[in-house]
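Each chain gets a letter, A, B and so on, in the order the sequences are listed, and its residues count up from 1. Owing to the predicted nature of the structure, the values given are computational and were not obtained by experimental measurement.
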Number of protein chains: 2
Amino acid sequence: MVTIYDIAAKANVSAMTVSRVINNTGRISEKTRTKVKRVMEELNYVPNQMARSLVLQQTNLLFLLITDITNPFYTTLARGAEDAARKHGFRLLFGNSDEDLDKENEYLDTILKTRTDGVLVAPTGDASLPHLEMLRKHGVPFVLIDREVPGVESDIVLGDGKEGARQLVGHLAERGHRRIALINGSPHVSSARQRLEGFREALKLNDLAYSENNVLETSFGPRNDLSEVGAWLDRIDPDTTAIIAGNNFLAVEVMRSLAARGRKAPDDMSIVCFDELASYAEVDPFVTVISQQAYQFGYLGMQMLIDRIKEGEAAGPWKKIVLPSELIVRRSVKTLG
Amino acid sequence: MVTIYDIAAKANVSAMTVSRVINNTGRISEKTRTKVKRVMEELNYVPNQMARSLVLQQTNLLFLLITDITNPFYTTLARGAEDAARKHGFRLLFGNSDEDLDKENEYLDTILKTRTDGVLVAPTGDASLPHLEMLRKHGVPFVLIDREVPGVESDIVLGDGKEGARQLVGHLAERGHRRIALINGSPHVSSARQRLEGFREALKLNDLAYSENNVLETSFGPRNDLSEVGAWLDRIDPDTTAIIAGNNFLAVEVMRSLAARGRKAPDDMSIVCFDELASYAEVDPFVTVISQQAYQFGYLGMQMLIDRIKEGEAAGPWKKIVLPSELIVRRSVKTLG
DNA sequence: CTGTTAGCGCCTTCAC
DNA sequence: GTGAAGGCGCTAACAG
């Protein structure tokens, strides 16, 4: 491996001079600068970030931890985060926790060990509390995205899940649906709780009955075994005419389970959900959704993170950004009566 | 920051003993071991990977560089790569080059600087040659995925683009299509070249005419401005009845452009493409595709990379895995005549 | 303008 | 079993 000492020797200067050339610090004569630069090129020198970080106590590396890299909501978010990080000269690394607390833990371990400068994280759920406390304790700035964690104070970017649920219920009610079911993420995830709460409030608002039986709380992540979803479909109230899915994947799974039963949306069951089904504007898109500004989640979150890093942790109160979502009406809802 | 010296002091041992406990090396009495471990917990000690890597000359970090994090093909691939890396105890970091040579360059820079142990990379195209040579020169093992780069010898995982194109053309021909157009990625990307070549061969095989006018070579990445696609649609041979898209996003863009012209698949134009449109089995999927085993691309590629790292670079000849793809017939093709 | 010294946190080597 | 010395590659602080 080529080091600054190799460069120094060949250029007849000290290592310190080489270091100065690399970092553009101090005063260096133009002559030695060009000489050093030439030698660096000749020897294909690449600075060793490990050594650099060790002495500087900072890595210039930021980390984005998402819960599902195959979900278009998060990948679009990732694009936003990446753009913001690049704009400020930070390098961005990604990790995928897969809605799995253990994997999240592994990545947190990596983050701590590699002394990442900051983290943008969508926590797997309330159980992420100790992980976030760990970050806080070790002085690693972080910003939460998409999900709150009770007991954690921090900058955060959220969607308005309650309002989204209200819009969905309102839309279904308008179309004549009186019995609506909800399949949702885990109650240990704040976004799922928000959506459930909005759902219940909206039912009341529209004079619709809430039925425990019509709510399934499962996981936001994709699953191979659809039997849980199927069994739930078999036991929901028979007069149910519409289902709200807590996210895009759940909607897909409901539709697959329906298909396995020879039923189809919207004729046999109306369906709506949170989040777009594909990152890319779908052709002939079918499902009526509450679309969130995924890119903005990432971009604004990263912005806040970098601000926090630059200002120092203690600068100002925690900021909370709530991004509105938008109802996009498509063809998955049948108009009744 | 807590260091092994802090631990050592509090546990009344030397730093070396602490190091031995951490790494489970050498012989340590059970008593001091437990004592040291207790102190580590008390002080919330986290090993400094920077310092560790600096002396060990290895990071235990692998890097996955893909060209589009919003494309389900690559995210599914990423899942596969991640699973394989985890299985072997490596941490995986992701980067997204966005089909952009400059961004690719930045990530390569990061990779070299951080002394990543190995890289799984989908190059942006033939122009990635110097980047890969850089990796080689610096002794960073890498495995290519999805795309070859002329002039680079390495382990590689590829799809069979020629065969895929043949199947698509064959399928269209069977359905009575005589004039087929192709919208493809850049000719500087090997997968695009393969698909074009397969396309031409298959036309000949089916006694169909090749028309220069009916081929557009653009980029695989998504674009905001669809005017190029639209202009092309306006000038292709008027008797064209079917379009093959070189990847999923191109198919979407064609369909959007068609829609903007008041035309719709499959009635006004049949369309097929490479790669699934969504990571997740689409509900009521519409487009007939050549589906690639995205997960396997990642899993097998990562496997090869880790083998290479463990055996040492010089172990054995380069391996090449060609994954077959599968034609999945859906509803986007009209049967003619 | 340039060089010397010291140390970031850790591990290898060699003592004891 | 355990410890001391030295060095991984780099830069801050101080000299000159």
If I take atom [atom1] in residue [X] and atom [atom2] in nucleotide [N], what distance separates them, rounded to the nearest angstrom?
X        : N      : atom1 : atom2 : result
A:Ile4   : D:dT11 : CD1   : C1'   : 8 Å
A:Met16  : D:dA13 : CE    : P     : 10 Å
A:Ile7   : D:dT11 : CD1   : C1'   : 16 Å
B:Lys113 : D:dG9  : NZ    : C1'   : 15 Å
A:Arg52  : D:dT11 : CZ    : C1'   : 9 Å

- Item | Closest contact, heavy atoms only, A:Leu92 versus A:Leu64 |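 Shortest heavy-atom contact: CD1-N, 3.8 Å.
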Will you find, in the side chains of [X] and [Y], an N or O donor that is under 3.5 Å from an N or O acceptor?
X       : Y        : answer
B:Ser53 : B:Gln58  : no
B:Asn96 : B:Tyr107 : no
A:Glu99 : A:Ser219 : no
B:Asp68 : B:Thr70  : yes

- Item | Of all pairs that satisfy side-chain hydrogen bond (donor to acceptor under 3.5 Å, both in side chains), the ones with a partner from residues 149-159 of chain A, not counting sequence neighbours |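 For residues 149-159 of chain A: A:Asp155-A:Arg308.
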- Message: Between A:Asn12 and B:Val18, which residue's closest nucleotide on DNA chain C lies nearer the 5′ terminus?
- Response: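 Nearest-nucleotide comparison on DNA chain C picks A:Asn12.
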- Contacting residues from residues 29-46 of chain B, given that a heavy atom lies under 4.0 angstrom of DNA chain D: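 Those residues whose heavy atoms fall under 4.0 Å from DNA chain D, taken from residues 29-46 of chain B in numerical order, are B:Ser29, B:Thr32.
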- Query: Can you tell me if the side-chain N/O atoms of B:Thr17 get under 4.0 Å from OP1 or OP2 in D:dG3?
  - Reply: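 Yes, within the criterion.
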- Query: Does B:Ser14 place a side-chain N or O at less than 4.0 Å from the phosphate oxygens OP1/OP2 of D:dG3?
  - Reply: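 For D:dG3, OP1/OP2 do have a side-chain N/O of B:Ser14 under 4.0 Å.
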- Message: Can you tell me which nucleotide in D:dT11, D:dC10, D:dG3 comes closest to the side chain of A:Asn48?
- Response: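 The listed nucleotide nearest to A:Asn48's side chain is D:dC10.
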- Query: First contact, last contact: which nucleotides of DNA chain C are these for chain A, 5' to 3', heavy-atom distance under 4.0 Å?
  - Reply: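 In short, chain A contacts DNA chain C from C:dC1 to C:dG9.
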- Query: Quick one: are the ring centres of A:Phe297 and A:Phe73 less than 6.0 Å apart?
  - Reply: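 A:Phe297 vs A:Phe73: aromatic centres under 6.0 Å.
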- Query: How bent is the helix from C:dC1-D:dG16 to C:dC16-D:dG1, comparing axes over its five end pairs at each side, to the nearest 10°?
  - Reply: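 The helix from C:dC1-D:dG16 to C:dC16-D:dG1 shows an end-to-end axis angle of 40°.
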- More than 12 heavy atoms of other residues, nucleotides or ligands under 6.0 Å from NZ of A:Lys320: is that the case?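 No, the 6.0 Å shell around NZ holds no more than 12 heavy atoms from other groups.
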- So, do A:Ile156 and A:Ile145 sit near enough that their side-chain heavy atoms are less than 4.5 Å apart?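 No, side chains not in contact.
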- Message: Side chains of B:Leu132 and B:Val149, heavy atoms from C-beta outward: is any pair under 4.5 Å?
- Response: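 Touching, per the 4.5 Å side-chain cut-off.
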- Is a donor on one side and an acceptor on the other found under 3.5 Å between the side chain of B:Thr67 and the backbone of B:Thr124?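 Checking the backbone N and O of B:Thr124 against the side chain of B:Thr67, no donor-acceptor pair under 3.5 Å is found.
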- Message: Please check: side-chain N/O of B:Thr114 versus main-chain N/O of B:Thr110, any donor-acceptor pairing under 3.5 Å?
- Response: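 Indeed, once roles are kept as given, a pair shorter than 3.5 Å links the two residues.
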Side-chain donor-acceptor pairs of residues 37-46 of chain A under 3.5 Å, sequence neighbours excluded:
from: A:Arg38; atom 1: NH1; to: A:Glu42; atom 2: OE2; distance (Å): 3.2
from: A:Glu42; atom 1: OE1; to: A:Lys10; atom 2: NZ; distance (Å): 3.2

- Message: Under 3.5 Å, is there any donor-acceptor pair linking the side chain of A:Tyr5 to the base of D:dC10?
- Response: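 Pair found.
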- Would you mind classifying the nucleic acid contact of A:Met50 as base, sugar-phosphate or nothing, using non-hydrogen atoms under 4.0 angstrom?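 Since no nucleic acid heavy atom lies under 4.0 Å of A:Met50, the category is nothing.
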- Query: Which residues within residues 20-28 of chain A lie with some heavy atom under 4.0 Å of an atom in DNA chain C?
  - Reply: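 Under 4.0 Å from DNA chain C: A:Arg20, A:Arg27, A:Ile28.
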- Message: I want to confirm an ordering. Mapping B:Val13 and A:Ala15 to their closest nucleotides on DNA chain D, which one lands closer to the 5' end?
- Response: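 Result of the comparison: B:Val13.
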- Task: Would you sort out whether A:Arg136 and A:Phe142 count as a side-chain contact (heavy atoms from CB on, under 4.5 Å), showing the intermediate values?
- Result: CA-CA 8 Å; A:Arg136 180 63 33 83; A:Phe142 63 88; 3.3 Å; yes
